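Have a look at the structure below before the remarks.
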Amino acid sequence: MARSKPALVAVFLLVLALLLAIAAAQGPPRPLTNPSDAAALHAVFRQWRLEGDAAAEDPCGKGAWSGSFAMNASVGCDCSSGVECRITQLNVTGYRNITEIPPALFNLTELVTLDLSNNNLSGSVPREVGNLSKLETWPGAVVKVTPLSQKVLGSSQPLCMQGKGLPWLFLPQTPLTWELPALARHFNNNNLSGYFPHESSLLRNLKSLWMFDNYIEGPIPEFIQNLTNLTDLRLYGMKLQGPIPQNFSKLINLENLMLGDLEGNYTSFDFIENWANLSTLSLRKCGLIGQLLSPPRNLPKLKYLDLTSNNLSGSIKLLLQYKDSLNFIYVGNNSFSERLPPEIIQPSVPLDVSYNPFINGSLRSIPAGQQWPINYIGTSVDANGTIDSGSLTIVNCLRMQECNRNDLTNHATSFAINCGGKQTSYSDRMPTVFSEDSTDLGGAGFHVNTTSHWVVSHVGSDPFSKSPGIVHDILETDMLELYKTARTSTGALRYYVVGLANGKYTIQLFFAEIVIVDGPGRRVFDIDIQDRNIRKDFDIAKEAGGSRKPTNITHEVIVDNTILVIHLYWSGRGTCCIPYEGAYGPLVSAIKVTRFQDPKISPPQAPHSGSSRQDEKRRGIIAGIAALCIAAAVISSSVVYLWWKWVSLVKRPMG
């Protein structure tokens, strides 16, 4: 036994060393949550009725109360001091029963990121928001961007960036009714009103500010120009008024600048400086005037340029100064002029110059038979030699905005398209053939159907998008082939029918939401027919009562120039990034156009076969009567003539 003692001691020491090694590998025990932070979080969660059985648990130890795509309640902590953990991230999304912002929330003074999106918040934001001076992600006055924050911050973790994440001002997908004392006077979609708290200007750590998809009115907030750490600024889809403040030139760290849908005064390019890191410049519908970035700016990293729907003029050649870096060029709906430089026409760079009537030149740099991503409808560009003669005739009709029907063949007073899909047929009173519309149009382009004389035109590509294909099963329809595919765009879709007989037509538009089928996403776009808006903020899923369900719009219209134009376009509304970045903008499943038939006027009925003999007999009787009348007239006139001759002979004197 004596000999066994050293062995036992050795075993004991070995086990002790092993335990110490395991303990060393695991590190020191995690400290508890700061008492002030823990009390504040418990108070917030009690008011939101989220704690349940976890009221006594340490917040940083628990981490997540729930975690799903639809509903998420979690915290992230910084325990690097080794003494205590501070709550630095709070994520509570998808709880429609949450209606208030508890005052205790603003006692979490170490918060860096805060996401309260997709709830049902109401009330007011107190001025204590200034207590959150370290906040880099803040629930401000805008909506519908939750999934992007999850994607950026890492949805696999409880939104805990551990000092490595990007700072964001996150503007939640929440029908808020905050009375914000400082930005705008009226908020509709979120029911916000009042002004942004002046204390918001203390949030100088912000690197990303997104404000879109709301009905915010008033001028662009002046305090933004003081947020000089911003790298990502997005303001669009609201009712903000221009001009863009010239002091935005102070935002020298910008990498992404996306402004749009501004009302009011015109804006020049004076606010843009030599921003060395700018990659995305989108100024869609901002009331821009003057020439394109003149004098030239030094923007060496510029890859995405969108200046659609402004009042820009001057030479289109000014684009050449950025041709080496640009991957997307959208300058449609302006008044640029002169020859389109062949150097900017590239097989891999989407280019939209449509509806610039003074742009001319040719496309001879495009090899015959190849389709490059360019949209030049509505310009004076000569496409001869790059498309067939039938397509050229139709494109020229669109340029002149009128078409001589004698130039076309196979005239029709109706047509149908299976948007995004193959040709298919359905019967409803009369069989209808829906033409194929599956041509890949890339980031910009159009396709001409020379048989039925229609054109589909597309403009748009999200700078951050990696969109998958869309094919889905559809519920509650016997027209599955029409709805399981669709034509979609992040900018604008136009369908033209050329050479129609002037008159009244019935247009049917078929829709089913087959992309945003799960989660809180929302697709919203506008619809114009013959340059008149028929639907504003059209939401397919809302109209149909859910995703993957069909819904149709029927509209009557007058065609008076032989051309029908259906225009579906994005105005900055809806979510941007659910279920992926770039899931927004118009979507249409099918289109059907027929000559209008007034239901009050019954069409002539075909005769029944049983009545044909009676009709023939009736016609024979009528013909007989007519013949007798003619014969009687001839006999009567002959008798009168003979009587007149006899009277003449009797009265003649005898010689």
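Excluded from the calculations below are hydrogen atoms, water molecules and symmetry mates; all remaining heavy atoms, backbone and side chain alike, are included. These numbers were taken from a predicted model, which means no experiment stands behind them.
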Plane angle bin for F538 and F525 - parallel if under 30°, tilted between 30 and 60°, otherwise perpendicular: perpendicular
Min side-chain heavy-atom separation T231-N277 under 4.5 Å: no
Residues which pass side-chain hydrogen bond (donor to acceptor under 3.5 Å, both in side chains) with W372, listed by chain and number, not counting sequence neighbours: Q370
Partner set under side-chain hydrogen bond (donor to acceptor under 3.5 Å, both in side chains) for N253, not counting sequence neighbours: none
Check: Q346/S348 side-chain N/O donor and acceptor closer than 3.5 Å: no
Any side-chain heavy-atom pair of L441 and H447 under 4.5 Å: yes
Basic-acidic side-chain contact under 4.0 Å: E543, K549: no
Student check: side-chain heavy atoms of Y322 and L299 closer than 4.5 Å: yes
Separation between CG of L240 and SG of C286, rounded to the nearest 0.5 Å: 10.0 Å
Distance-only polar pair, side chains of D528 and N533, donor-acceptor under 3.5 Å: yes
Flag if over 12 foreign heavy atoms under 6.0 Å of NZ, K592: yes
Test item: L564 and Q530 side chains (from C-beta on) under 4.5 Å apart, heavy atoms: yes
Y483 side chain to D478 backbone, donor-acceptor under 3.5 Å: no
Salt bridge present between D261 and R284 (N-O < 4.0 angstrom): yes
Option passing side-chain contact (heavy atoms from CB on, under 4.5 Å) with H458 (candidates D352, T490, L493): L493
Y495 and D437 side chains, donor-acceptor separation under 3.5 Å: yes
F248 ring center near W275 ring center (under 6.0 Å): no
Nearest-0.5 Å distance that lies between atom CG in N418 and atom CZ in R487: 10.5 Å
Under 3.5 Å: donor-acceptor pair, side chain of T228, backbone of L251: no
Side chain to side chain, L568 and D526, heavy atoms closer than 4.5 Å: no
Nearest-0.5 Å distance that lies between atom CD1 in I272 and atom OG1 in T267: 10.5 Å
is_close_aromatic(Y376, F446), centroid dist under 6.0 Å: yes
Where N356 and F336 come nearest, the two heavy atoms and their spacing: OD1-N, 3.0 Å
Partner of I540 under side-chain contact (heavy atoms from CB on, under 4.5 Å), chosen from I516, V515, T551, V524: T551
Heavy-atom side-chain contact between T280 and L257 under 4.5 Å: no
Check: D306 and L283 side chains under 4.5 Å, non-hydrogen atoms: no
K542, R523, R548 screened by salt bridge (Lys or Arg N to Asp or Glu O under 4.0 Å) with E513, the one that passes: R523
Y584 ring center within less than 6.0 Å of W570 ring center: yes
For Y330, ring-ring contact (aromatic ring centres under 6.0 Å, His included) partners two or more places apart: Y304
Residue pair L209 / D232, side-chain heavy-atom distance below 4.5 Å: no
Atom pair OG1/CG of T379 and L340 - distance to nearest 0.5 Å: 8.0 Å
